[in-house]
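Chain naming here is simple, since letters A, B, ... match the order of the sequence lines and numbering starts at 1 in each.
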Amino acid sequence: MTILNEPTTKLNITNTIRALANFYASQLLQCSKQSPTSSSTVRMIHAHMIGSNFRPQSHILNRLMDLYCKSGNITYARQLFDEMPQPDIVARTTFITAYSSSGELKLAREVFNTTPLNIRDTVCYNALITGCAHNSDGNGAIELFCEMKRYDFRPDNYTYTSMLSGLSLVAEYESHCQQLHCEIVKSGTGFVTSVVNALISVYVKCASSPFVVPCLLMGAARKLFDEMPYKDELSWTTIITGYIRNDDLYNARDVFDGMNEKLVVAWNALISGYVHKGYVFQALEMFRKMHLLEIRFDEFTYTGILGACASSKLFLHGKQVHGYIIRTVKNPSRDFLFSVNNALITLYWKCGKLEDARKIFDRMLIRDLVSWNSILCAYVDVGLIEEAMSFFNEIPEKNELTWSVMISGCAQNGLGEEGLKLFNQMRSYNNCQPCDYSFAGAIISCAVLASLDHGRQLHAQLIQSGFESSLSASNSLITMYARCGVLQDSQSVFRTMNALDSVSWNSMIAALGQHGHGGQAVDLFEQMLKEDIVPDRITFLTILSSCSHAGLVDQGQRYFNSMSELYNITPGEDHYGRLIDLLCRAGKFTEAIDTIQKMPFNPGVPIWEALLGGCRIHGNIELGIEAAEKLFELIPQHDGTYILLSNMYADLGKWSDVSRIRNMMRVRGVKKEPACSWIEVDNMVHVFLVDDTKHPEVQKVYKYLEELVFKMKKLGYVPDTKYVLHDMENEQKEYALSTHSEKLAVAYGLLRLPSGAMIRVFKNIRICGDCHNAFKFMSQVVGRVIVVRDGKRFHRFENGKCSCGNYW
DNA sequence: CTAGGGTTAG
């Protein structure tokens, strides 16, 4: 550094200072070209200034402060600022900008407000308007815009671009945008590339608003694009991504094909557009072409293409890309590592390789929230809730996605209470407002618990929070109302939704099927096909169950065959299970066995369970024993098999076999899930066990039940004591029947709920045969509707009949 | 000193 050793004669001082100033200015300029700005370099230059006793003039100091801000040292820069006797407008604007981009809009405004009017300029207004736009204060931007015009500051192209991006935060922004467009044309900036780009971008945003016809606005955007005198990279990408955002891949591709530059951003946008639309092949094809044209991949390309592999479970393709990255990418940046590793986590877990996903996660030296959320999803997806929970607790800064994944994860694994607990915790968590997905999770939790009151409250809150039109939340409402026994409310949600996806249809079809309306389920399925909604695997599972419950054998078989013939879906074991169930319920055992033998895989649990269930209905003991034996081998600890088999023996009065089975359970240590039923009264859940003595009002319930049974017997009710599995005297048996938990819960509801109100009772396992019969008579005696949801389905008793048509 | 595009988690 030769200049430091120059002789310091008086004459030379000014020269030295000038030389130093030039030197530092060029150093700082060099530094500002680095991205991101390195804070150590800035500190070094500053230290050098102090060491050489150089007192920077304001423009050098301004640049220094700007660099400090950009390298993350705003606080220190502010100290320098506060020491300045009269900071000029450039210094002030530096801080307005710095505070704005670090999210501290208040501080930015403070600097702006303490800036005297006579030194303000358009630039400082621009800086604060941008700050408003970035910190979601659209109205603030508009106020500043009006203010600057009042004080005669002329808006320039920066002002217009910032305003346009800020406006979309304001209600009814479309009309504001039109005004602004007029003003831009009048101001003569209507042909400035950056301004037209911003206009295009705003038209694109308007087009995706639900209240307009998108093609008209996209047409206007396209016109602007076609007529602009000079297009830069951004112009191309804005219009291309605009089309993609509005689901118009055709036009996106059209513009893209007219583009000469090898603009990596445009390629990435199109790739991710294809992936989102499910056109994985096209995405892979573009990736290949990029490679041929020697366009450099960046992290966006990789995340796009890895996402494509993940969504189609193309494990080997994905692994190849992973290997390619390892071989070719040297010195990856932080951002590169974040996004690519996160995409790899998702690739591996979606391909069923949880271990590999975990390896990627563990090897990441630094993780961001997406990494945590991705690994959380992986564990939730395979149902490892405890592990997922321990990840969840480790996540330092949770966002609404973290919460909603965990909430719906609990709900999907039957942990309704935990789901609701988390939802309430989320609300008390400072920076996390529930989003529509977390509402959906909480609503499904209510479905699991069959808590209608709570579910209705959440529905109300959902509307209050403005998520009424959310697909996922509405879909969860359909399921919740159905599982709480109020099918009509499911239907009214379904009917009033303004957009439906396959989940909506599946949920509604399933709801009808579970409530025993097989015919209506089939009608709705046919309507779905008519509206060109492509049925998926789930659709077929639900429609097959519906046919089975409604005894629609031929129909069900036809749907089963159409899966592979028309929709290219290979039936899985679960589909075969439903088909076997359908056949066995109808007593077609020969066909069922024939189907099992022709299946492309060895029969497993779902198949044998379906067979056993059918045998129980038709008293086919030989086949039933065979199925039960297989199940004893496959799932020896499952209580359901033993109970079904012992019920079959009981039906035939073979009490020695009944006790043999019970003995088997004891020897093998199989625990019978204790039966319990519950009912919601006054926002409280009341649980009853068999022969309950714990509930405070149980004595009243027994007495009332006695009166009811007396009246029921007059109508012809005969207690069916074969459902008592113990060998005891008849009178005792009758008493044992009258203490079943579902009877207690129903009776309690009749006592406590307002007259005429529907009774909704829930039982953890299948309803007992005598109770099923008894409720028919009971509904007649009390003249009320009784709905019972058991482990599998719904029974709606009205005027002596059950909706299940005795298919249960 | 001020503006604008592509990405991964449901």
Atom-to-atom span, [atom1] of [X] to [atom2] of [N] - whole angstrom:
X      : N     : atom1 : atom2 : result
A/R296 : B/dT7 : CZ    : P     : 20 Å
A/N126 : B/dC1 : CG    : P     : 14 Å
A/M364 : B/dA9 : CE    : P     : 14 Å

Which nucleotide wins on minimum distance to the side chain of [X], given the candidates [options]?
X      : options              : value
A/V405 : B/dG4, B/dG10, B/dC1 : B/dG10
A/L234 : B/dG10, B/dT8, B/dG5 : B/dG5
A/D66  : B/dT8, B/dA3, B/dC1  : B/dC1
A/V370 : B/dA3, B/dC1, B/dT8  : B/dT8
A/N373 : B/dG5, B/dG4, B/dA9  : B/dA9
A/E233 : B/dG5, B/dC1, B/dG4  : B/dG5
A/R63  : B/dC1, B/dT7, B/dA9  : B/dC1
A/L401 : B/dT2, B/dT7, B/dA9  : B/dA9

Under 4.0 Å between any heavy atoms, over every strand shown, what does [X] touch: base, sugar-phosphate, or nothing? Just pick one.
X      : answer
A/N157 : nothing
A/K398 : nothing
A/C124 : nothing
A/W349 : sugar-phosphate
A/D335 : nothing
A/S404 : base
A/I345 : nothing

Worksheet item: Under 3.5 Å, is there a donor-acceptor pair between the A/T130 and A/S162 side chains?
Response: yes

Worksheet item: Per the atom types in the model, does the base of B/dG4 pair as donor or acceptor with the side chain of A/T161 at under 3.5 Å?
Response: no

Fill in: Any N/O donor-acceptor pair, A/T94 side-chain to B/dC1 base, under 3.5 Å
no

Does a side-chain N or O of [X] approach OP1 or OP2 of [N] to a distance below 4.0 Å, or not?
X      : N     : value
A/H134 : B/dT2 : no
A/S272 : B/dT7 : yes
A/K205 : B/dG4 : no
A/R92  : B/dC1 : no

Response to the item:
All heavy atoms of A/L420 vs all of A/C446, minimum pair found to be CD2-SG, 4.1 Å

Worksheet, complete the sentence: Given the options A/Q282, A/R288, A/K289, A/E285 meets side chain to side chain donor-acceptor pair (under 3.5 Å) only with A/R288

Item to complete: Check the angle between the aromatic planes of A/F361 and A/F391 and answer parallel, tilted or perpendicular using the 30° and 60° thresholds.
Response: perpendicular

Worksheet item: Picking from A/F95, A/Y68, A/Y99, A/Y76, what satisfies ring-ring contact (aromatic ring centres under 6.0 Å, His included) with A/F81?
Response: A/F95

Worksheet item: For residues 189-203 of chain A, which residues have at least one heavy atom under 4.0 Å from DNA chain B?
Response: A/S194, A/N197

Fill in: A/F300-B/dT7 aromatic stacking (under 5.5 Å, under 30°)
no

Fill in: Approximate separation, where rounding is to 0.5 Å, of A/I244 CD1 and A/L249 CG
6.0 Å

Fill in: NZ/NE/NH1/NH2 to OD/OE distance under 4.0 Å, A/R222 and A/D248
no

